[in-house]
Amino acid sequence: MAARRRATAGRSAAGQAYVYGNTVRAAQPVPSVTQQRQKKAAELERQAEQYRRMNHRVRRNQEKALHMDLPYVLMLTIAAACALFICVSYLHMQATINARITHIEQLEQEVENLRSENDALQTRISTEIDLDHVYQVATEELGMVYANRDQVILYDKTESEYVRQYEDIPQY
């Protein structure tokens with residue numbers, strides 16, 4: 001009984017909707033199922049009549065547009081082949097770029113190893129040179145001496161920050 005009340009809630013016995021509130025609205029008849037079917041059938045019949053009235057050329061163009069002819073299929077095939085070629089080329093270029101990046105990283109690592117080895121060799125060379133022995137050989141065997149203060153000439157070069165090799169040394 002409660003389920004029946006819930007199913008019919010909001011409707012009167014005649015199928016009319018209840019009106020809540022203090023105003024009464026004009027009753028609107030609910031169309032029956034047969035009336036709805038009749039309206040749909042009339043609409044379909046009207047559309048069929050319009051289609052029959054359509055020009056023969058328009059119908060032929062519509063039918064032609066629905067079919068795929070040889071040029072359309074060829075153009076679609078060419079477009080698909082181009083898209084496939086572009087995708088494959090893109091993937092090939094991406095793989096080439098990744099391989100080059102990996103190769104560059106390997107070369108950078110090799111350069112870093114060579115620099116560290118070079119620095120180690122330079123340190124070893126500089127620690128093995130005995131400056132006292134060099135001084136002794138230069139002064140005793142080769143007869144070299146330090147320059148006196150009057151033999152050293154200092155000058156200021158204000159024109160530029162560096163000295164060119166082919167310029168003459170100024171006379172004082």
Side-chain angles (χ1 to χ4, degrees), residues 2-3 6-7 9-10 17 20-21 36 39-40 43-44 46-48 50-172:
R6 272 187 258 127
Y20 296 103
Q36 290 176 353
K39 281 184 181 180
K40 285 182 183 177
E43 179 66 27
L44 288 174
R46 189 176 57 80
Q47 288 176 355
Q50 280 181 339
Y51 185 75
R52 277 187 231 115
R53 284 190 214 149
M54 232 187 269
N55 191 345
H56 177 69
R57 192 173 6 165
V58 172
R59 266 189 300 191
R60 188 178 60 200
N61 286 342
Q62 285 179 344
E63 290 171 1
K64 189 177 180 182
L66 293 175
H67 296 292
M68 293 193 303
D69 52 350
L70 182 64
Y72 179 75
V73 172
L74 287 177
M75 201 59 169
L76 189 62
T77 305
I78 290 170
C82 288
L84 181 66
F85 176 74
I86 289 170
C87 290
V88 169
S89 297
Y90 175 75
L91 291 175
H92 182 266
M93 288 171 64
Q94 193 71 19
T96 303
I97 289 171
N98 287 341
R100 287 183 180 175
I101 288 173
T102 305
H103 184 66
I104 288 171
E105 288 174 354
Q106 290 173 351
L107 290 176
E108 286 176 347
Q109 184 64 35
E110 186 178 336
V111 165
E112 185 63 33
N113 290 341
L114 289 174
R115 279 188 184 153
S116 63
E117 183 180 333
N118 198 12
D119 290 343
L121 288 173
Q122 184 68 30
T123 304
R124 196 171 113 209
I125 288 171
S126 63
T127 56
E128 288 186 6
I129 295 176
D130 184 15
L131 295 178
D132 292 332
H133 178 69
V134 171
Y135 177 76
Q136 185 180 9
V137 169
T139 55
E140 293 176 5
E141 293 179 16
L142 300 175
M144 298 175 84
V145 292
Y146 278 112
N148 295 330
R149 287 187 183 214
D150 58 344
Q151 293 175 331
V152 176
I153 301 174
L154 300 175
Y155 69 98
D156 289 331
K157 178 90 170 156
T158 57
E159 296 171 8
S160 64
E161 295 293 323
Y162 60 94
V163 177
R164 292 190 197 117
Q165 186 177 0
Y166 55 85
E167 283 187 14
D168 292 333
I169 298 175
Q171 298 290 327
Y172 287 103

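These values consider heavy atoms only, across backbone and side chains, with no hydrogens, waters or symmetry-generated copies.
Atoms CG and CD, on L114 and Q109 in that order, are 10.5 Å from each other to the nearest 0.5 Å. Considering CD of E117 and CD of E112, their distance stands at 12.0 Å, rounded to 0.5 Å. A distance of 14.0 Å separates OH of Y146 from CD of Q151, quoted to the nearest 0.5 Å. To the nearest 0.5 Å, atom CG of residue L70 and atom OG1 of residue T77 are 9.0 Å apart. L91 contributes atom CG, which lies 11.0 Å from atom CE of M93 (distance to the nearest 0.5 angstrom). A distance of 10.0 Å separates CD of Q122 from OG1 of T127, quoted to the nearest 0.5 Å.
Atom CD of E43 has more than 12 heavy atoms from other residues, nucleotides or ligands within 6.0 Å.
Applying the side-chain contact (heavy atoms from CB on, under 4.5 Å) test between H133 and each of D130, L131, I129 identifies D130 as the sole match.
Contact annotation: the side chain of L107 approaches that of E110 to within less than 4.5 Å [non-hydrogen atoms, C-beta and beyond].
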Please set out all donor-acceptor pairs under 3.5 angstrom arising from side-chain atoms of residues 134-141, sequence neighbours excluded.
from : atom 1 : to   : atom 2 : distance (Å)
T139 : OG1    : Y135 : O      : 2.8
T139 : OG1    : Q136 : O      : 3.4

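Applying the side chain to side chain contact (heavy atoms under 4.5 Å, CB included) criterion to I78, with sequence neighbours excluded, gives C82.
Although no hydrogens or angles enter the test, the distance criterion places no donor-acceptor pair under 3.5 Å between the side chain of E128 and the main chain of I125.
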